[in-house]
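Take a look at the structure set out below.
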Amino acid sequence: MKYHLWTIGCQMNEADSRHLGAQLEAIGYQPSSAAEDADLVVLNTCVVRQQAEDKAASRLGALRAVKEARPDMVLALMGCMVGLREAPALKRRFPFVDVFLPPSETAPLLDHLERTGRYDRDRLAETRERAVRDAIQDGEHILPALQRGSAVTAHVPVVLGCSHACTFCVIPYRRGAERSRPRREILDECRALAGQGIREVMLLGQIVDRYGMDRDGEGDLADLLRAVAGIEGLERVRFLTSHPNYMTDRILEAVAEEPRLCPQIEVPVQAGHDEVLARMRRGYTVGDYRRLVGRIRRILPGAAIHTDIIVGFPGETEAQFESTVDLVREIRWDKIHLAKYSERPKTLAARQMPDDVPADEKERRRKEIEAVQAGILAERHAAWTGRTVEVLAEDKARGRWRGRTPEGKLVFFEDPADRRGQVVRVRIRSAEAYKMMGEPEPGPGPNGREIPELVAAASAGG
Ligand code: SAH
């Protein structure tokens with residue numbers, strides 16, 4: 001039996017797909033890269049903007065013919081398109097879909113497969129829960145087969161859902177209320193991932209810096225980060241996304257003190273004008289955000305600060321937009337995830353604020369910030385030329401290794417040896433806005449340890 005899994009959207013969706021793939025393999029399914037020859041096809045969807053929703057709907061439309069030709073194939077729709085309450089309406093719109101799965105919930109599909117006898121019963125000694133849990137605990141299926149032996153990084157959800165209700169955002173309606181996962185479960189998962197060769201984990205939450213606030217005795221994100229960083233085999237730990245209001249000095253200090261915690265702080269500002277921020281219900285002012293950046297730079301000099309910005313929010317005037325551009329010039333973020341406002345059903349903005357910035361104006365604003373930011377990064381990155389950085393090699397494409405520095409900067413380098421999963425010292429030869437190129441250089445590795453492969457190469461005269 002074969003399954004095909006198609007995923008779009010955020011890192012949380014990637015993680016949900018990894019969990020589902022691992023569970024399907026635990027009950028006897030094998031991965032297939034083509035929907036056409038799979039017994040089970042799952043689409044894991046995103047609706048954060050209209051564009052993503054349209055993509056999922058068109059993929060689903062294309063699969064209709066496959067399903068009609070092979071009615072035996074199981075077709076499942078998963079993720080934010082389904083949300084917690086949309087299944088009945090979707091069933092009417094796409095009657096050929098067999099099962100609907102809310103985000104992070106795999107049970108409806110496993111139930112369906114069980115009910116319809118599509119399990120490999122030989123593999124299933126006891127109950128499904130037992131099989132899945134054991135498989136994941138012993139690490140055998142923590143990574144789906146397609147990622148085993150090749151994936152270097154993995155996403156691990158630590159806070160599910162979101163209870164913040166920013167006026168533009170559909171996520172709380174689709175992923176439900178905020179809930180932190182138990183610390184033990186997270187640590188087990190990270191240990192199993194490390195056992196499967198994963199070297200870097202990214203801890204995920206819509207507001208990841210609220211980790212633990214809804215649980216007694218689990219500690220906060222700072223405690224969790226330190227614990228994950230202590231897991232043997234893991235070289236790097238990142239986390240995203242942080243809400244500016246919950247970023248504590250404790251978290252920043254943990255990153256400063258523990259070398260395996262990467263100095264990359266993701267704090268979406270969304271807009272650079274107080275009135276827009278108030279209408280978004282973000283809960284902070286531009287001044288608050290500036291003070292946060294000051295705190296990050298004091299505790300973590302050299303850390304990369306990333307942000308998200310939405311242009312063309314309802315009522316955003318030209319002058320308000322220009323304040324955002326000014327803030328881009330002032331903060332000089334290391335990365336900006338830029339989006340044009342997209343009205344989302346049921347959100348407060350959709351109900352109360354007309355989507356009044358014309359599409360071509362949104363595009364102009366997006367382009368303006370993109371151009372300003374490209375200039376800033378080109379200038380800032382020029383200073384990286386000649387530096388030696390530590391790059392975790394993730395994969396090889398067109399003859400070059402690709403990896404990231406602890407700050408999350410993308411670096412390419414040439415090296416005939418197999419560097420996958422290794423931290424390599426790289427001397428930066430050229431640095432542009434969105435990528436850096438360099439060559440490997442022998443010397444001490446992370447935390448002062450020698451990198452054995454490089455030492456061997458150097459002493460062999462290589
Ligand atoms: N939880 C995070 C971000 C989650 S969604 C936070 O608190 O900010 C990722 C990004 O998508 C958001 O930061 C926002 O910039 C963008 N986004 C969310 N809803 C959007 C919408 N309706 N239109 C355009 N961009 C949106």
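Counting convention: from 1, in listed order, for ligands and their atoms alike. Note that the numbering runs from 1 along the sequence shown for the chain.
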Residues which pass salt bridge (Lys or Arg N to Asp or Glu O under 4.0 Å) with K91, listed by chain and number, not counting sequence neighbours = none
Mind listing the N or O contacts between ligand 1 and protein, cut-off under 3.5 Å?
unit_1: ligand 1; atom_1: 1 (N); unit_2: Q206; atom_2: O; d: 2.9
unit_1: ligand 1; atom_1: 1 (N); unit_2: Q206; atom_2: OE1; d: 3.0
unit_1: ligand 1; atom_1: 7 (O); unit_2: R282; atom_2: NH1; d: 3.3
unit_1: ligand 1; atom_1: 8 (O); unit_2: Q270; atom_2: NE2; d: 3.0
unit_1: ligand 1; atom_1: 8 (O); unit_2: R282; atom_2: NH1; d: 3.3
unit_1: ligand 1; atom_1: 11 (O); unit_2: R49; atom_2: NH1; d: 3.4
unit_1: ligand 1; atom_1: 13 (O); unit_2: Q270; atom_2: NE2; d: 2.7
unit_1: ligand 1; atom_1: 13 (O); unit_2: D308; atom_2: OD2; d: 2.5
unit_1: ligand 1; atom_1: 15 (O); unit_2: Q270; atom_2: OE1; d: 2.8
unit_1: ligand 1; atom_1: 22 (N); unit_2: F168; atom_2: O; d: 3.0
unit_1: ligand 1; atom_1: 22 (N); unit_2: S342; atom_2: O; d: 2.8
unit_1: ligand 1; atom_1: 23 (N); unit_2: S342; atom_2: N; d: 3.0
unit_1: ligand 1; atom_1: 25 (N); unit_2: R49; atom_2: NH1; d: 3.4

Are a donor atom and an acceptor atom from the side chains of R332 and Q373 found within less than 3.5 Å of each other?
-> no
Look at atom CD of E318 and say whether more than 12 heavy atoms of other residues, nucleotides or ligands are closer to it than 6.0 Å.
-> yes
Indicate whether the side chain of T285 and that of D288 have a donor and an acceptor atom separated by less than 3.5 Å.
-> yes
Can you check whether V97's main-chain N or O pairs, donor with acceptor, with R64's side chain at less than 3.5 Å?
-> no
Is a donor on one side and an acceptor on the other found under 3.5 Å between the side chain of Q50 and the backbone of S342?
-> no
